[in-house]
Amino acid sequence: MKTRNLVVIVCLCLLLAGCKQAAVVDAKSPDANAVPTLNPGVVFECEYVRTDGHVDENEYTVVTGIASVEALQAYVEANEDTYQFGDEFEEAVMPFDEAYFEENMLVMVVVEETSSANRHEVTSVVAKGNVVNINIKRTVPNPGTDEMAQWHIIVASDNEYFDHAFNVDIY
(Lines give C-alpha, C1' and ligand atoms only; values in the text may rest on other atoms or scores of the structure.)
Protein backbone atom coordinates (compact mmCIF):
# COMPACT_ATOMS: atom_id res chain seq x y z
CA MET A 1 0.00 0.00 0.00
CA LYS A 2 2.81 2.43 0.91
CA THR A 3 4.66 1.56 -2.29
CA ARG A 4 1.56 2.29 -4.41
CA ASN A 5 1.04 5.65 -2.68
CA LEU A 6 4.69 6.51 -3.25
CA VAL A 7 4.40 5.62 -6.95
CA VAL A 8 1.27 7.82 -7.28
CA ILE A 9 3.02 10.76 -5.60
CA VAL A 10 6.11 10.40 -7.79
CA CYS A 11 3.96 10.26 -10.95
CA LEU A 12 2.05 13.39 -9.92
CA CYS A 13 5.29 15.23 -9.24
CA LEU A 14 6.64 14.28 -12.66
CA LEU A 15 3.44 15.43 -14.38
CA LEU A 16 3.41 18.75 -12.55
CA ALA A 17 7.10 19.35 -13.22
CA GLY A 18 6.37 19.52 -16.95
CA CYS A 19 3.78 22.31 -16.62
CA LYS A 20 4.68 25.85 -17.63
CA GLN A 21 2.72 28.99 -16.94
CA ALA A 22 2.16 31.31 -19.90
CA ALA A 23 3.30 34.89 -19.55
CA VAL A 24 0.48 37.25 -18.68
CA VAL A 25 0.88 40.99 -18.46
CA ASP A 26 -1.76 42.45 -16.16
CA ALA A 27 -2.99 45.83 -17.37
CA LYS A 28 -3.22 46.97 -13.75
CA SER A 29 0.34 46.02 -12.87
CA PRO A 30 2.71 48.87 -12.03
CA ASP A 31 4.88 47.93 -15.00
CA ALA A 32 2.26 47.24 -17.69
CA ASN A 33 4.79 48.17 -20.39
CA ALA A 34 7.12 45.33 -19.42
CA VAL A 35 7.85 42.73 -22.05
CA PRO A 36 6.61 39.26 -21.05
CA THR A 37 9.39 36.80 -20.40
CA LEU A 38 7.58 33.89 -22.05
CA ASN A 39 5.99 34.01 -25.49
CA PRO A 40 3.41 34.36 -26.95
CA GLY A 41 2.11 37.01 -24.51
CA VAL A 42 1.33 40.42 -25.97
CA VAL A 43 2.04 43.56 -23.95
CA PHE A 44 -1.19 45.50 -23.50
CA GLU A 45 -3.00 48.10 -21.42
CA CYS A 46 -6.76 48.41 -20.91
CA GLU A 47 -9.47 50.89 -20.05
CA TYR A 48 -12.98 49.78 -19.06
CA VAL A 49 -15.77 52.28 -19.73
CA ARG A 50 -19.50 51.75 -19.32
CA THR A 51 -21.09 53.31 -22.39
CA ASP A 52 -24.59 51.77 -22.50
CA GLY A 53 -26.66 51.70 -25.64
CA HIS A 54 -27.85 48.70 -27.59
CA VAL A 55 -27.93 47.92 -31.28
CA ASP A 56 -30.46 45.21 -32.15
CA GLU A 57 -28.50 44.24 -35.26
CA ASN A 58 -25.28 43.70 -33.30
CA GLU A 59 -24.30 40.33 -32.05
CA TYR A 60 -22.37 41.16 -28.93
CA THR A 61 -19.35 40.95 -28.46
CA VAL A 62 -18.35 43.57 -31.09
CA VAL A 63 -14.63 43.90 -31.88
CA THR A 64 -13.10 46.78 -33.87
CA GLY A 65 -9.40 47.39 -34.59
CA ILE A 66 -8.29 51.04 -34.75
CA ALA A 67 -4.90 52.10 -36.14
CA SER A 68 -5.13 55.90 -36.49
CA VAL A 69 -6.58 59.05 -34.98
CA GLU A 70 -8.86 59.32 -38.00
CA ALA A 71 -10.16 55.78 -37.49
CA LEU A 72 -10.77 56.51 -33.79
CA GLN A 73 -12.69 59.69 -34.67
CA ALA A 74 -14.69 57.81 -37.31
CA TYR A 75 -15.52 55.08 -34.76
CA VAL A 76 -16.76 57.65 -32.24
CA GLU A 77 -18.79 59.53 -34.88
CA ALA A 78 -20.36 56.31 -36.20
CA ASN A 79 -21.38 55.20 -32.71
CA GLU A 80 -22.08 58.42 -30.80
CA ASP A 81 -25.84 58.13 -31.33
CA THR A 82 -25.80 54.55 -30.05
CA TYR A 83 -23.47 54.60 -27.07
CA GLN A 84 -23.16 57.14 -24.29
CA PHE A 85 -19.65 58.41 -24.90
CA GLY A 86 -19.42 60.71 -21.91
CA ASP A 87 -16.52 62.31 -20.09
CA GLU A 88 -15.11 58.96 -18.92
CA PHE A 89 -14.87 57.64 -22.48
CA GLU A 90 -13.38 60.89 -23.80
CA GLU A 91 -10.81 60.82 -20.99
CA ALA A 92 -9.97 57.19 -21.78
CA VAL A 93 -9.28 57.83 -25.49
CA MET A 94 -7.67 61.28 -25.13
CA PRO A 95 -4.07 59.96 -24.86
CA PHE A 96 -4.31 58.18 -28.20
CA ASP A 97 -2.90 60.79 -30.58
CA GLU A 98 -0.97 60.57 -33.85
CA ALA A 99 2.30 59.90 -32.02
CA TYR A 100 0.69 56.97 -30.19
CA PHE A 101 -0.62 55.40 -33.42
CA GLU A 102 2.82 55.51 -35.08
CA GLU A 103 3.69 52.29 -33.26
CA ASN A 104 0.49 51.24 -31.50
CA MET A 105 -3.14 50.34 -32.05
CA LEU A 106 -6.41 49.96 -30.17
CA VAL A 107 -8.94 47.19 -30.13
CA MET A 108 -12.43 48.26 -29.06
CA VAL A 109 -14.28 45.35 -27.49
CA VAL A 110 -17.94 46.10 -26.78
CA VAL A 111 -19.71 43.67 -24.49
CA GLU A 112 -23.32 43.58 -23.39
CA GLU A 113 -24.29 42.40 -19.94
CA THR A 114 -27.65 41.51 -18.42
CA SER A 115 -26.53 43.18 -15.20
CA SER A 116 -24.78 46.51 -14.81
CA ALA A 117 -23.00 45.05 -11.77
CA ASN A 118 -20.94 42.65 -13.91
CA ARG A 119 -17.30 43.62 -14.29
CA HIS A 120 -14.50 42.62 -16.65
CA GLU A 121 -10.76 42.14 -16.60
CA VAL A 122 -8.58 41.39 -19.60
CA THR A 123 -6.38 38.63 -18.24
CA SER A 124 -4.21 38.03 -21.30
CA VAL A 125 -3.69 38.90 -24.92
CA VAL A 126 -2.01 36.08 -26.83
CA ALA A 127 -0.87 36.00 -30.45
CA LYS A 128 -1.02 32.60 -32.15
CA GLY A 129 -0.32 32.58 -35.86
CA ASN A 130 -2.50 35.25 -37.46
CA VAL A 131 -4.97 35.39 -34.57
CA VAL A 132 -4.83 37.50 -31.42
CA ASN A 133 -6.85 36.01 -28.56
CA ILE A 134 -8.13 38.51 -26.01
CA ASN A 135 -9.15 36.69 -22.84
CA ILE A 136 -11.59 38.52 -20.58
CA LYS A 137 -12.67 37.41 -17.13
CA ARG A 138 -16.25 38.31 -16.25
CA THR A 139 -17.07 38.85 -12.58
CA VAL A 140 -20.75 38.35 -11.77
CA PRO A 141 -21.59 39.51 -8.25
CA ASN A 142 -24.42 38.02 -6.27
CA PRO A 143 -26.90 39.65 -6.26
CA GLY A 144 -26.65 41.50 -9.55
CA THR A 145 -28.96 44.08 -11.05
CA ASP A 146 -31.65 43.66 -13.67
CA GLU A 147 -30.55 46.45 -16.00
CA MET A 148 -28.72 45.91 -19.27
CA ALA A 149 -25.28 47.48 -19.65
CA GLN A 150 -22.79 47.84 -22.47
CA TRP A 151 -19.08 48.24 -21.82
CA HIS A 152 -16.27 49.41 -24.05
CA ILE A 153 -13.08 47.57 -23.19
CA ILE A 154 -10.26 49.50 -24.84
CA VAL A 155 -7.21 47.31 -25.39
CA ALA A 156 -4.06 49.22 -26.36
CA SER A 157 -1.15 47.31 -27.87
CA ASP A 158 1.67 47.31 -30.41
CA ASN A 159 0.45 47.81 -34.00
CA GLU A 160 2.41 44.73 -35.08
CA TYR A 161 -0.82 42.77 -34.53
CA PHE A 162 -3.23 45.00 -36.47
CA ASP A 163 -3.39 42.68 -39.50
CA HIS A 164 -4.37 39.75 -37.29
CA ALA A 165 -7.87 38.46 -36.69
CA PHE A 166 -9.14 39.11 -33.16
CA ASN A 167 -10.86 36.47 -31.10
CA VAL A 168 -12.44 37.41 -27.76
CA ASP A 169 -13.08 34.79 -25.10
CA ILE A 170 -15.14 35.88 -22.10
CA TYR A 171 -15.16 33.43 -19.25
Side-chain angles (χ1 to χ4, degrees), residues 20-113 116 118-139 149-171:
K20 290 184 179 178
Q21 182 175 354
V24 174
V25 178
D26 185 343
K28 296 177 185 172
S29 73
D31 193 8
N33 293 322
V35 176
T37 56
L38 298 173
N39 284 333
V42 175
V43 177
F44 66 94
E45 293 183 36
C46 295
E47 293 285 337
Y48 307 86
V49 182
R50 182 175 172 183
T51 51
D52 288 342
H54 173 81
V55 179
D56 288 331
E57 298 82 35
N58 281 355
E59 263 190 53
Y60 289 92
T61 302
V62 178
V63 180
T64 306
I66 297 176
S68 68
V69 170
E70 294 79 17
L72 178 57
Q73 290 169 341
Y75 178 86
V76 170
E77 288 173 11
N79 292 287
E80 65 188 353
D81 291 335
T82 303
Y83 299 108
Q84 298 172 13
F85 293 137
D87 293 341
E88 186 179 0
F89 184 84
E90 288 179 26
E91 190 175 304
V93 298
M94 190 179 306
F96 305 118
D97 56 12
E98 289 187 26
Y100 172 83
F101 284 111
E102 287 177 11
E103 297 182 8
N104 301 286
M105 60 172 266
L106 301 176
V107 179
M108 295 286 185
V109 179
V110 184
V111 297
E112 181 174 72
E113 294 292 351
S116 63
N118 293 1
R119 296 294 181 259
H120 308 91
E121 176 187 3
V122 175
T123 56
S124 66
V125 178
V126 180
K128 289 185 180 179
N130 288 331
V131 177
V132 174
N133 293 301
I134 301 172
N135 300 300
I136 302 173
K137 179 181 177 185
R138 173 188 287 132
T139 302
Q150 287 73 30
W151 293 86
H152 269 74
I153 302 171
I154 305 167
V155 181
S157 185
D158 188 311
N159 65 7
E160 157 185 3
Y161 304 102
F162 187 73
D163 293 350
H164 291 54
F166 297 100
N167 178 53
V168 175
D169 181 30
I170 300 176
Y171 61 94

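Contact annotation: the side chain of Tyr171 never approaches that of Arg138 to less than 4.5 Å [non-hydrogen atoms, C-beta and beyond]. You'll find the side chain of Phe96 reaches within 4.5 Å of the side chain of Ile154, heavy atoms only. At least one side-chain heavy atom of Leu106 sits less than 4.5 Å from a side-chain heavy atom of Tyr100. Considering only heavy atoms from C-beta on, Val125 comes within 4.5 Å of Val132 through its side chain. The shortest side-chain heavy-atom distance between Asp163 and Asn130 does not fall under the 4.5 Å cut-off.
For the atom pair CZ (Phe85) and CG (Asp52), the distance works out to 11.5 Å, reported to the nearest 0.5 Å. Between Phe89 atom CZ and Glu47 atom CD the span is 10.5 Å, to the nearest 0.5 Å. Here the CG atom belonging to Asp87 is positioned 9.0 Å from the CE atom belonging to Met94, to the nearest 0.5 angstrom. We find the CZ-CD distance between Arg119 and Glu113 to be 9.5 Å, quoted to the nearest 0.5 Å. With rounding to the nearest 0.5 angstrom, the CG atom of Asn118 is 8.5 Å from the OG1 atom of Thr139. For the atom pair CD (Glu88) and NE2 (His152), the distance works out to 12.0 Å, reported to the nearest 0.5 Å.
In terms of heavy atoms, Asn159 sits closest to Met105 at CA-CG, 3.8 Å. Taking all atoms of both residues into account, the shortest heavy-atom contact from Phe162 to Gly65 is CE1-C, 3.5 Å. Scanning all heavy atoms of the two residues, the minimum distance from Ala67 to Ala71 falls at N-CB, 4.3 Å. Closest heavy-atom contact between Ile66 and Leu72: CG2-N, 3.5 Å. What you find for Arg50 and Ser116 is that their closest heavy atoms are NH1-CB, 3.3 Å. Shown here for Phe166 and Ile134, the closest heavy-atom pair between the two residues is CD2-CD1, 4.4 Å.
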(Q) I'd like to know whether Lys128 forms a side chain to side chain contact (heavy atoms under 4.5 Å, CB included) with Asn133, so could you lay out the CA-CA distance, the side-chain angles of the two residues, the decisive distance to 0.1 Å, and finally the verdict. (A) CA-CA 8 Å; Lys128 289 185 180 179; Asn133 293 301; 4.2 Å; yes

Q.
Assess the residue pair Glu112 and Glu59 against the criterion (side chain to side chain contact (heavy atoms under 4.5 Å, CB included)); give the C-alpha distance rounded to whole Å, side-chain angles, the decisive distance to 0.1 Å, and a yes or no.
A. CA-CA 9 Å; Glu112 181 174 72; Glu59 263 190 53; over 6 Å; no

Q. Between Val43 and Asp158, does a side chain to side chain contact (heavy atoms under 4.5 Å, CB included) hold up when you go through it step by step?
A. CA-CA 7 Å; Val43 177; Asp158 188 311; over 6 Å; no

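Under the side-chain contact (heavy atoms from CB on, under 4.5 Å) test applied with Thr82, the options Asn58, Val110, Val55 reduce to a single match, Val55. For the pairing with Val109, the side-chain contact (heavy atoms from CB on, under 4.5 Å) check across Ile153, Val62, Thr64 returns one residue only, Ile153.
Residues Thr123 and Asn135 bring no donor and acceptor atom of their side chains to less than 3.5 Å of each other.
By the neighbour-count criterion of 12 heavy atoms within 6.0 Å, atom CD of Glu70 is densely surrounded, having more than that number from other residues, nucleotides or ligands.
Between Tyr161 and His164, the angle of the ring planes goes over 60°, which puts this pair in the perpendicular group of the 30/60° scheme.
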